[in-house]
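All chains are named by letter (A, B, ...) in the order of the sequence lines, taking the proteins before the strands, and each is independently numbered beginning at 1.
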2 protein chains.
Amino acid sequence: MKRTTLKDLSQYLSVSTSTISRALLDDKDVHPDTRKKVLEAAEKLGYKPNLAAVNLKYGKTKNIGFVVPEMVTPFAAAVLSGVQKVLYPLGYKVIVLQSDENHLYEKDNLLLLQDFNVDGILLNLCHETANIDVFKQIMEAGIPLVFFDRIPPTSLDASHVIVNDSIKAALMVEHLISCGCQKIAHLQGPSTVRNAVERANGYRRIMNKHNLFQSQLVVQTSGTSFADGKSAVASLLEQEIEFDSIFAYTDTLAIGAMNYLLERKVRIPEDVAIASFSGTQLSENVFPQITTVEQPLFQMGETAASLLLEKITNPLAASQTIVLDAQMKYRGSTVNKNTD
Amino acid sequence: MKRTTLKDLSQYLSVSTSTISRALLDDKDVHPDTRKKVLEAAEKLGYKPNLAAVNLKYGKTKNIGFVVPEMVTPFAAAVLSGVQKVLYPLGYKVIVLQSDENHLYEKDNLLLLQDFNVDGILLNLCHETANIDVFKQIMEAGIPLVFFDRIPPTSLDASHVIVNDSIKAALMVEHLISCGCQKIAHLQGPSTVRNAVERANGYRRIMNKHNLFQSQLVVQTSGTSFADGKSAVASLLEQEIEFDSIFAYTDTLAIGAMNYLLERKVRIPEDVAIASFSGTQLSENVFPQITTVEQPLFQMGETAASLLLEKITNPLAASQTIVLDAQMKYRGSTVNKNTD
DNA sequence: AACGCTATTGGGAACGTTCCCAAAATGCCG
DNA sequence: CGGCATTTTGGGAACGTTCCCAATAGCGTT
């Protein structure tokens, strides 16, 4: 069961390991005949290079860390698919870690990846500022870091992939208004996340523009779970704050809120219209389907992976921030609100 | 920026690399004083062992493959958490691969992992029989394979983790009957998956027992997506087959079906009760919440990882099949069906 | 003081590659 | 056919560990 090594091939063919290595690596100066012989023998003996040895030699592990707050939501999974699409054909291995929306775990995860000696890290962070020191330390250790979706505030010298949150949030609020909504509640998400703030800014801008803004309509949640969405809308009801629609930071918040309302026989969208921002399949797999800003998640993964590769192959490459275009999806949770 | 190596420490302390290695590995015969010195120096110079070198030395990669049909459903994510819980503290790296419910991709993934020289593979397969040869070949190459959830039919010498599908499915059908259901449709899922067949068996047994079985009530879907659930229930409606409830192979099928019915103003559970089998968060995050057989997913991951570790540390360890206990969860999609 | 223990240390091979450098083989020219 | 350039090959160091084996130091015994 022992793996066949270069040495085995060398013995089998009575040719030095140097030549074999060259033949296998498609080196120019090796005789076509010997190359052919080598390739055949390799095939026959089932030779597979020992990656540990190669890694040792090159000083690279070909491991990439992928750290996300959670994976129970399809968000990270969709991004991961894009990442894998780019990275696997190149022989990279993607190591997935979940931080459980806890920056302490996030720190552990990052340090673990550093121990693993990964060639680079793709990160969707769970707290904007908590681990800045860790990010810095890792980058100083020569491990490139690329952020996607939720990025850190200070300008670390790292690449980022985001969407234009503020503008698309603004468009979504305009849409709600065009549906006849006036009292648009906003479930904002944690203030420790840049995204949430950006989207809230877009919301506020349009609400002000139409002279509809009321601070009490904005509910800040501590997380982004379904439960957070529920408790947010519950608090609105409890305080008897009137609202005819909801714009939520994520699909999960929106769905949590919607379910809470449906339990109370509130009609969607007739009584309350609902819109969100995210782009996971979730918004399509509930009833009614939720109007949302759909982010190009697969593309986000591809882009982040490409940026990381750039940094890996050339550590001096300039950092970039790529802004992807998200799409408006109008669905049952908002349209035809007033046709009853 | 160069990593500090044993040699650096050796030079710094004027002590041989052997001793340093011993001190770091907690070898018994090294003087306490020198050990202390070594540990301090290692700390000070930020020594991290080069895993590539260690792997080369030991002939292990400490990489584990985790291959699943998809990750957009929280199922695999929950199992993965359990796997990580067990494996990460031991220094293993988990490489995640998605097969997109396509056995050709599954094959590619497995071969990729073999190229990566992983120490073992955790696998939830997407087709029972298609890749048996690949499984065999990989196991013959000395890479242990542990199956969870969907396992292959023939008795490969591999460990498995499953739940008792048939019994729990039966219990669920009994529950539906106790809710007053008589015409229980079953969305079966692909016949190429053992699970689906087991659950269908449980269903059929109880239906027969109560003399309720009608073959037309069973719809076999080609996949397990939301869309499959929709089209399955659509075909029932189209054929004008009467049903007062649905028992679905997975949460996704159930939800797809439910949404389709809700769109058509069918009341859940009053007109049609719905039950499923899975245990993902999905069933709780729709309205009404879905009655389901909840599998212990985290535990499934832990168990599978432990079984794999056993095989890794002792290649001659006997294969085991561990059957976990799933829990019945009664929720709004079935209870109080007849209180209107 | 010589001896034999044990506790501690050092030297160096080995893991499987890659690649530099030198050696050998080949081809071509006059 | 000698000499030179060019193609092709081989030897062996290096990557950073671990661990076997040998060497040394320390210490108690007689």
Quiz item: S18(B) near the nucleic acid: base, sugar-phosphate alone, or nothing, with a heavy-atom cut-off under 4.0 Å?
Solution: base

Self-check item: No-hydrogen, no-angle side-chain donor-acceptor test under 3.5 Å, N117(B) and N63(B)
Solution: no

Quiz item: Under the 3.5 Å rule, do the base of dG10(D) and the side chain of T19(A) count as making a donor-acceptor pair?
Solution: no

Exercise. May I ask you to evaluate whether T5(A) reaches the phosphate of dC15(C), defined as a side-chain N or O under 4.0 Å from OP1 or OP2?
Key: no

Quiz item: Which parts of residues 7-17 of chain A get close to DNA chain D, meaning a heavy atom less than 4.0 angstrom away?
Solution: S14(A), V15(A), S16(A)

Quiz item: Over how many whole Å does the gap from N117(A) atom CG to dT17(D) atom P extend?
Solution: 10 Å

Exercise. For DNA chain D, find the residues of residues 38-51 of chain B with a heavy-atom distance under 4.0 Å and give them by number; none if there aren't any.
Key: Y47(B), K48(B), P49(B), N50(B)

Quiz item: Which whole-number value in Å describes the distance from L25(B) CG to dT17(D) P?
Solution: 10 Å

Exercise. Decide if atom CD of E40(A) counts as having more than 12 heavy atoms of other residues, nucleotides or ligands within a radius under 6.0 Å.
Key: yes

Quiz item: Roughly how far, to the nearest 0.5 Å, is CG of L110(B) from CG of L97(B)?
Solution: 8.5 Å

Quiz item: Rounded to the nearest Å, what distance is computed from the CG atom of residue D33(B) to the P atom of nucleotide dG26(D)?
Solution: 13 Å

Practice problem: State the CG-CG distance between L24(B) and L39(B), to the nearest 0.5 angstrom. | Solution: 6.0 Å

Sequence neighbours excluded and cut-off under 3.5 Å, please list the side-chain donor-acceptor pairs for residues 314-324 of chain A, or say none.
from	atom 1	to	atom 2	distance (Å)
N314(A)	OD1	L316(A)	N	3.0
S319(A)	OG	D157(A)	O	3.3
S319(A)	OG	D157(A)	OD1	2.5
S319(A)	OG	A158(A)	N	3.3
S319(A)	OG	K311(A)	NZ	2.8
Q320(A)	NE2	E310(A)	OE1	3.4
Q320(A)	NE2	E310(A)	OE2	3.0

Quiz item: Taking N and O atoms by type only, does the side chain of K57(A) place a donor or acceptor under 3.5 Å from a partner on the base of dT17(C)?
Solution: no

Quiz item: What nucleotide, of dG10(D), dC20(D), dT18(C), holds the atom closest to the side chain of R22(A)?
Solution: dG10(D)

Quiz item: What's the CD1-C1' distance between I20(A) and dG10(D), to the nearest Å?
Solution: 12 Å

Practice problem: Answer yes or no: are there more than 12 heavy-atom neighbours, outside K107(B) itself, under 6.0 Å from its atom NZ? | Solution: no

Practice problem: Give the rounded distance in Å between these two atoms: CG of D26(A) and P of dT8(D). | Solution: 14 Å

Quiz item: Are side-chain heavy atoms of R194(B) and P153(B) found at a separation under 4.5 Å?
Solution: no

Quiz prompt | Atom-pair distance (NZ on K37(B); P on dT8(C)), nearest Å | solution = 14 Å

Quiz item: Between Y58(A) and R35(B), which has a closest nucleotide on DNA chain C that is more 5'?
Solution: R35(B)

Quiz item: To the nearest Å, how far apart are K62(B) NZ and dT17(D) P?
Solution: 16 Å

Quiz item: Parallel, tilted or perpendicular: which fits the ring planes of Y88(B) and F116(A), with parallel below 30° and perpendicular above 60°?
Solution: tilted

Quiz item: Between dT18(D), dC15(D), dT17(C), which one does the side chain of L56(A) approach most closely?
Solution: dC15(D)

Practice problem: Would you indicate whether the side-chain heavy atoms of R35(A) and D26(A) approach each other to under 4.5 Å? | Solution: yes

Quiz item: Which of these passes ring pair (Phe, Tyr, Trp, His ring centres under 6.0 Å) with F148(B): F298(B), F75(B), F66(B)?
Solution: F66(B)

Self-check item: Separation of dG10(C) C1' from L6(B) CG (nearest whole Å)
Solution: 14 Å

Quiz prompt | Any S21(A) side-chain nitrogen or oxygen under 4.0 Å from OP1 or OP2 of dT17(C) | solution = no

